[in-house]
Amino acid sequence: MPSVERTVTVDQPIEKVWTYLSDFTTTEEWDPPTVSTVRTSGDGGVGSTYTNVSKFLGNETEVKYVVTEVVPHQRFQIAGDAGSMDLLDTMTFEPTATGTSVTYHAEFSPHGAAKLAEPLMPLALKVLADKVAASMEEKLAAL
């Protein structure tokens with residue numbers, strides 16, 4: 001199963017970073033492939049749902065997400081269904097001496113015909129993860 005992980009550290013308090021990133025609609029601001037994200041139910045806690053539209057490798061894909069875990073100021077996890085692929089995004093938050101460190105881990109589980117593209121995914125995901133991390137760091141630093 002392909003996965004990527006990046007860690008960004010910013011000089012911002014964990015409360016501010018948590019509030020921003022655990023509101024998954026902010027992906028429109030820091031996740032370069034995201035075209036739109038709308039919360040469709042819930043208050044952002046476990047069981048809340050989101051519809052995300054992202055553009056990846058030239059194609060727009062709709063992903064239905066559900067929040068699966070919330071540990072305030074520590075961990076936020078959301079599972080996605082893109083039809084031909086399941087996604088699992090986990091953000092962990094840790095205070096540092098001057099701010100906050102966020103580790104973003106994303107797992108991709110293709111199924112059906114999408115499994116044929118799995119060998120090509122690691123390179124594309126590495127490039128994507130680098131762009132996401134840079135954008136996330138920039139947005140968090142500006143909070």
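Heavy-atom basis, side chains included; hydrogens, waters and symmetry copies ignored.
Note: Lys64 NZ to Thr51 OG1 = 3.0 Å, rounded to the nearest 0.5 Å. Note that CG of Asp86 is 12.0 Å distant from CZ of Phe108, once rounded to the nearest 0.5 Å. Here the CD-OH distance, from Glu5 to Tyr104, works out to 12.0 Å after rounding to the nearest 0.5 Å. The CG atom of Asp31 lies 12.0 Å from the NZ atom of Lys139; values are rounded to the nearest 0.5 Å. Here CD of Gln74 is found 9.5 Å from CD of Glu69. Values are rounded to the nearest 0.5 Å. Distance NE2/His73 to OG1/Thr19: 5.5 Å, rounded to 0.5 Å.
Checked by atom type and distance alone, the side chain of Gln77 never pairs as donor or acceptor with a backbone atom of Thr90 at under 3.5 Å. Ser22 places a side-chain N or O within 3.5 Å of a backbone atom of Trp18 that can act as its donor or acceptor partner. Side-chain atoms of Ser48 do not come within 3.5 Å of backbone N or O of Val67 as any donor-acceptor pair. With hydrogens and angles disregarded, a donor-acceptor distance shorter than 3.5 Å links the side chain of Ser135 to the backbone of Trp30. Remark: side-chain polar atoms of Thr40 are paired, donor with acceptor, to backbone N or O of Thr49 under 3.5 angstrom.
Nearest approach of Val10 to Ala141, heavy atoms of both residues: CG1-N, 4.1 Å.
For the pair Ser54 and Val63, the minimum side-chain heavy-atom distance is 4.5 Å or more. At least one side-chain heavy atom of Val17 sits less than 4.5 Å from a side-chain heavy atom of Val102. Side-chain atoms of Thr100 and Glu94, non-hydrogen and from C-beta on, never get closer than 4.5 Å to each other. In this structure the side chain of Tyr50 reaches within 4.5 angstrom of the side chain of Arg39, judged on heavy atoms.
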Worked check of side chain to side chain contact (heavy atoms under 4.5 Å, CB included) between Asn52 and Thr27: CA-CA 9 Å; Asn52 169 279; Thr27 55; 3.9 Å; yes
Test log, rule side chain to side chain donor-acceptor pair (under 3.5 Å), inputs Glu29 and Tyr20: CA-CA 10 Å; Glu29 299 171 17; Tyr20 181 74; 2.7 Å; yes
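Using a 4.5 Å cut-off between side-chain heavy atoms of Ile, Leu, Val, Met, Phe, Trp and Tyr, with links allowed through other members, Leu87 and Val35 fall into different hydrophobic clusters. Criterion: ILVMFWY side-chain heavy atoms under 4.5 Å apart, direct or through other members. Under it, Phe24 and Leu88 are not part of a common hydrophobic cluster. Note on Ile78: it clusters hydrophobically with Val70, by side-chain heavy-atom contacts below 4.5 Å among ILVMFWY residues. Hydrophobic clustering keeps Val38 apart from Leu21 (ILVMFWY residues linked when any side-chain heavy atoms are closer than 4.5 Å, directly or through intermediates).
When only modelled atom types and interatomic distance are considered, Glu28 and Thr37 share no side-chain donor-acceptor pair under 3.5 Å.
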